Amino acid sequence: MRVLVIGGGGREHAIVHACARAGHEVLCTPGNPGIAQIARIIPSAQDAASLARLAQQESADVVIVGPEAYLAAGVVDECAVLGIPAFGPTRAASRLEGDKAWSKAFMHRHGIPTAAHHTFSRMDDARTHVQRLTPPIVVKDAGLKAGKGVTIAHTTQDAEAALLDIFTQDGAQAVIEDFMTGHEVTVLALTDGERYALTPPSQDHKTINEGDTGPMTGGMGVICPFPLSDEQLSTIRQTIIEPTLRGMRADGHPFQGVLYAGLMLTPNGPKVVEFNARFGDPEAEAVLPLLDSDLAQHALDAARGTLNPTDVQFRTAASATIILAAPGYPAEPQKGIPLSLPEPGPDEVIYHAGTTGSHAGLVSSGGRVLAITAVASTLNAALGRAYALAERTDFPGAQLRRDIGARIGAVPDPV
Ligand code: GLY
C-alpha cells in the first residue's frame with residue numbers, strides 16, 4: 001500500500017516506522033529528519049483541504065493522522081469528501097479530546113466513570129469555586145493544549161494562577177475536577193467505531209522532574225506493558241471503552257481511529273482522566289514497536305468499518321521509551337542544539353520528536369527532542385538498553401528522567 005502519514009513528531013516517526021517495516025511505501029508531511037530516512041517527505045500546506053488533495057494527488061491508499069490539531073481541523077472529513085480512507089475521527093468525534101467540557105458532559109451522560117467536575121466560562125465563578133475546595137485541585141483548559149493544559153494545583157493560589165492563564169483567551173472554558181489518586185495508565189483502542197482492539201496498556205510519566213514533580217509536559221517516558229490484571233482489563237472494556245464507542249454512535253458521532261483512554265486506577269476502580277482522539281505521544285513510541293501485525297492494514301480496515309480485532313497482534317515483550325528534552329523545557333526550550341546520534345542496536349530505535357537539519361547537521365528544534373526506545377523480553381532489560389542508548393546520545397544539556405518505570409518497581413538492568 002501507499003500510506004500517507006500526517007504529522008512530524010516522535011509519534012508520527014513511530015507510525016511511519018511501523019508501516020515501513022510492514023513493507024509499505026510511506027509518504028509523510030511535514031515529517032522530520034528521522035522520518036526522512038524511511039519515508040518520502042512531501043512539503044505541503046497543512047490545512048485540512050490541502051492535505052486531503054495531497055492524498056488524492058499521491059494516490060494514497062490510506063491516510064493516518066497523527067496529531068490532534070489536524071483532526072480538529074477536519075482532515076478526516078475532507079478526505080471523506082474525496083473518497084480517501086483516513087484513520088482518525090471526524091472533526092465532530094474528535095471533540096472527545098478537543099473540548100474537555102463537552103467530553104466531561106459526554107461521560108456524565110453515558111455513565112462513564114470519571115472525576116466529578118464543574119465547567120466555568122467566567123473567571124469570577126471559577127475563582128469562587130476553587131476558594132471553596134481543598135487542594136490539590138485539578139484545573140483543565142477545556143481547549144487543545146498539546147497535553148499541557150492541565151494543572152494539579154497544590155494551593156488555592158496556584159489554582160487561581162492556572163485559571164488566570166486560561167481566561168486570558170477569548171471564549172475560554174475551565175474544567176475543575178476532583179483530584180484522583182492511584183496509578184495512571186494509558187489504554188489505546190484501535191477502532192472502526194464499533195469493533196475495537198486494545199493495544200498493551202502503557203504508562204507515561206508526565207511531569208518534567210523525577211518523583212512526579214515539577215510542571216506538566218507532553219510526556220517524559222513510557223513503559224509498556226503496564227501490568228493490569230485480566231479483571232482490570234475486563235472492567236476497562238466494559239465500563240469505559242465499550243460505553244464510549246456506543247455513546248459516540250448514539251450521539252451521532254461514531255468514533256473511528258485511536259481512542260486514547262487516560263485512566264486512573266482509583267480505589268473505586270478505573271476512572272477516565274481524559275480521552276484523546278489519537279495515539280499518545282510518547283505512548284506510540286513504546287507501544288507500536290511491539291505491534292506484530294500490519295498497522296496500515298488495520299488503519300484501512302478501521303477507516304472502511306471492517307476492522308477484525310483478532311488481526312491486531314502484539315509481541316510478548318516489553319518496551320521502554322526515554323524522552324530526551326531540551327534544556328529549558330517545558331517553559332522555554334532551547335533550540336538549535338547540535339545532536340549526534342549513535343547507531344541503535346537490534347530492537348532499539350531513536351525516534352525524532354523535535355529535530356531539524358540533516359544527519360550531519362542535526363539540531364534540536366522543539367521541547368521533546370528524541371524518544372529513545374528499546375524492546376526486550378523483560379521491562380528491566382528494555383529500560384537498561386534504552387537508558388544505555390540515551391547515554392550514548394550526544395545532546396548537550398538534555399533533560400531526562402531517570403525514574404521511568406520506578407513507580408511499579410522496575411529497575412533498569414545493567415548493560
Ligand atoms: N502522552 C500524553 C498524550 O499523548 O497526550
Side-chain angles (χ1 to χ4, degrees), residues 5-15 18 64-72 87-89 94-100 103-104 114 138 140-152 175 177 180 183-190 198-209 212 214-226 244 255 257-264 272-289 319-325 329-330 351 353-354 366-373 386 399-401 404-405 407:
V5 176
I6 296 176
R11 164 184 44 212
E12 290 72 40
H13 193 172
I15 293 170
I64 303 181
V65 185
E68 57 276 19
Y70 294 94
L71 299 166
F87 183 55
S94 75
R95 276 182 95 185
L96 206 50
E97 168 168 9
D99 182 344
K100 303 251 175 273
S103 184
K104 290 294 285 193
T114 187
V138 181
K140 291 183 176 174
D141 190 323
L144 276 181
K145 290 285 147 199
K148 285 167 259 171
V150 180
T151 302
I152 313 288
V175 176
E177 293 186 2
M180 296 190 284
H183 267 292
E184 212 171 327
V185 57
T186 302
V187 173
L188 304 173
L190 275 50
L198 297 186
T199 73
S202 58
Q203 186 174 58
D204 191 6
H205 296 67
K206 290 200 174 129
T207 63
I208 187 74
N209 296 329
D212 300 317
M216 294 293 246
T217 71
M220 290 298 291
V222 175
I223 54 166
C224 182
F226 178 88
T244 300
F255 186 101
V258 180
L259 175 65
Y260 170 128
L263 307 177
M264 190 70 82
V272 177
V273 177
E274 63 174 354
F275 281 126
N276 292 323
R278 34 83 194 167
F279 281 113
D281 191 350
E283 285 93 334
E285 292 95 304
V287 170
L288 288 177
S319 64
T321 296
I322 309 299
I323 294 291
L324 296 190
Y329 178 72
Y351 295 112
R368 291 182 296 166
V369 176
L370 299 167
I372 298 188
T373 296
Q399 302 186 77
L400 80 163
R401 278 183 61 163
I404 303 304
R407 283 184 210 143

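None of the values given here were measured: they were computed from a predicted structure. Each ligand, and each atom within it, is numbered from 1 in the order the structure gives.
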Salt-bridge test for Lys140 and Glu177: reply yes if a basic N is under 4.0 Å from a carboxylate O, no otherwise.
yes

Taking NZ, NE, NH1 and NH2 as the nitrogens, is one of them in Lys206 or Glu184 under 4.0 Å from a carboxylate oxygen of the other?
yes

So, 4.0 Å and heavy atoms of Tyr260: is ligand 1 close enough to count as a contact?
yes

At under 4.0 Å between heavy atoms, what of Arg278 touches ligand 1? The answer is side chain

Heavy-atom pairs closer than 4.0 Å: do any link ligand 1 to the side chain of Thr186, the backbone, both, or neither?
neither

Can you list everything that forms a side chain to side chain contact (heavy atoms under 4.5 Å, CB included) with Asp99? Sequence neighbours excluded, please.
Arg95, Ala101, Trp102, Ala142, Gln173

Considering residues at least two apart in sequence or located in another chain, which fulfil the side chain to side chain contact (heavy atoms under 4.5 Å, CB included) criterion with Asp212?
Thr207, Arg401, Arg407

Below 4.0 angstrom from a heavy atom of [X], which ligand 1 atoms are there? Numbered from 1 as shown, please.
X: Gly280; value: 4 (O)
X: Asn276; value: 5 (O)
X: Asp204; value: 1 (N), 2 (C)

Answer yes if the side chains of Thr373 and Ser319 hold a donor-acceptor pair under 3.5 Å, and no otherwise.
no

If we only count N/O pairs under 3.5 Å, is [X] in contact with ligand 1?
X: Glu274; answer: no
X: Gly218; answer: yes
X: Lys206; answer: no

Nearest-0.5 Å distance, CD1 of residue Ile208 to OH of residue Tyr329:
6.5 Å

Within-4.5 Å side-chain heavy-atom neighbours: Glu283 and Tyr260
yes

